[in-house]
Amino acid sequence: MSARKSEHSRKKEKIVSDRVNRLSPSGIRKFFDLLASIEGVISLGVGEPDFATPWHISEAAVRSLERGYTMYTSNSGMPELREETARYLKDKYNIKYEPSGEILITVGVSEAMDLAMRAILNPGDEVIMPDPHYVAYDSCVILAGGEPVLVPTSQENNFEVEAKDIEARITDKTRAILIGYPANPTGAVMSRKKLLAIADVAKRHNLLVVSDEIYARLVYGVEHTCFASLPGVRENTILLGGFSKAYAMTGWRIGYAVAPKEIITAMTKIHQYTIMSAPTMAQVAAIEALKTGESSVMEMVEDYDRRRKIIVKGLGDIGLSCFEPKGAFYAFPSIAVTGMTSEDFSEKLLMEEKVAVVPGSAFGDCGEGYVRCCYATSLADIEEALTRMKRFVKKYSK
Amino acid sequence: MLKDVLRILENDARTTTKQIATMTGTPVAEVTKLIKQAEKDKLILKYKTIVNWDRIEDDQVWAIIEVKVAPEPEAGFDSIASRIAQFGQVRSLYLASGTYDLLLVVMGKSERQVADFVSENLAHIEGVKGTVTHFVLKRYKVDGEILEGGEGVKRQPVIL
Ligand SMILES: Cc1ncc(COP(=O)(O)O)c(C=O)c1O
């Protein structure tokens, strides 16, 4: 029996490609399976809005189905959506992109990230990115045959990545810099000044910058700087944006990439063979979101901001010191007082107090010693989670 | 600042002063003062709860009543409206544009009671020219809250 089993697993190793085997085994996967099996858990683990999509946006999609919009669209997306996206970027950041040729509508930023990496990387090319970072970043690079190169960031620097630290890691093989601010998991926002320094490095070394700005609209008391809007970087920048977070549309699977024509043409090539076109009803909903969604976004941002303040203060009060996250919907407190690893902390907290947070180590070595708490959940749940965590931290504080 | 506090309370009257203080970055004492003043100024009229009575009892009858009135030369619609507003059965009262003047939302224990209110009370008020009563068959949404079928957020336990 056991002999057969090991034979089976050897075979399995061969079945799965080396590339996939290299992807970090998702430690949080088992953790979330565990979560799903326990009753009464308050989850600060999920990284998505707790709002339903504003109804006027959903309505537009329902109407489109009734009118028979159930076919593929053009590979690069409906012309109207590309035009609206261009208009939006012009209005918001004063950057100009051609709706035909420089904008590609994708299945979320997820697909856009994958396309970007596959379009620009040759085997062994290096992509420099901050640590900790969103879990898909290094995976997308590896799947595209590239090598992620990590730049440590820390709470002392508000988890902002420094241009000089990026520059120190540039080699002959470096192809691109990948940044994502406002950041998952830290909630960090980059100042314009620091982004300018990165722009300068990118220009001097002729590197591409892939900027994941999915959380661009979720900033609190600060302005989001769109990387592509910085002087002189347009030709080097692939800007990824989406609807998931700002408009509470995670399940629709819709986003976009904008970049100079040569890059978008390459990305569209891959997209047309692997995806065809983004979901049509989601494209219709996205048009509606861009046209009339502004006030909904503002309402949601106001609401997140209130909860953000409650959770940051609450975490501080119970001894989990937390730098002020100015964007996204995550708080990233240090759990140093407990002396536990972030995985231990998260697992014990789940088992003993039924509160789910995500271990910071899931996002890179520099996330060790922190946990990610998503505050896109009801105020009552946040308060209850804080009460439970207080008990927990008191019990385990050194 | 005051508007922020009012919006927070309007959304959830049970938000504590301490929570509001944190949310708005204002000292607790100042929030307390603001709320006290707003209550005194009748900016805040009352703290209430939205109850879905339909689920526990059925002796509530709601009606929407259109009322045509002859405005008074001096006071216009206001004096008639303020008389009608005195009745406890009248839950809401608006002056509306269109084919009628006042719009009432009335609650009674039975259709009989609502009918009596119209014929005994409303019709006798001087200046009331005519009424049209619509009985409510079902309430779907009250004060911004969907009563049934609002199942809330359907989040799956995903990660990222
Ligand atoms: C930083 C970051 N980028 C991209 C995504 C994926 O976005 P989309 O839903 O547009 O694929 C997420 C989702 O959690 C995210 O946190």
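Values reported hereafter were calculated over all heavy atoms of this structure, with side chains retained and with hydrogens, waters and symmetry mates removed.
- Summarising the local packing, OH of B/Y47 is surrounded by more than 12 heavy atoms from other residues, nucleotides or ligands at distances under 6.0 Å.
- For residues 2-12 of chain B, a heavy-atom distance under 4.5 Å to chain A picks out B/D4, B/R7, B/I8, given by residue number.
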Extract all donor-acceptor atom pairs below 3.5 Å that involve side chains of residues 52-59 of chain A and protein atoms in other chains or at least two apart in sequence.
unit_1: A/T53; atom_1: OG1; unit_2: A/A248; atom_2: O; d: 2.7
unit_1: A/T53; atom_1: OG1; unit_2: A/W252; atom_2: NE1; d: 2.9
unit_1: A/H56; atom_1: ND1; unit_2: A/T292; atom_2: OG1; d: 3.1
unit_1: A/H56; atom_1: NE2; unit_2: A/S296; atom_2: OG; d: 3.3

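- Checked against ring-ring contact (aromatic ring centres under 6.0 Å, His included), B/F135 has no partners two or more places apart in sequence or in another chain.
- Side-chain contact between A/R308 and B/M23 is absent, with no heavy-atom pair separated by less than 4.5 Å.
- Heavy atoms from other residues, nucleotides or ligands lying under 6.0 Å from NZ of A/K326 number 12 at most.
- Among residues two or more places apart in sequence or in another chain, the ring-ring contact (aromatic ring centres under 6.0 Å, His included) test is passed with B/Y100 by none.
- The number of heavy-atom neighbours closer than 6.0 Å to CE of B/M1, taken from other residues, nucleotides and ligands shown, is above 12.
- One distance of note links NZ of A/K313 with OG1 of B/T22; it measures 4.5 Å at 0.5 Å rounding.
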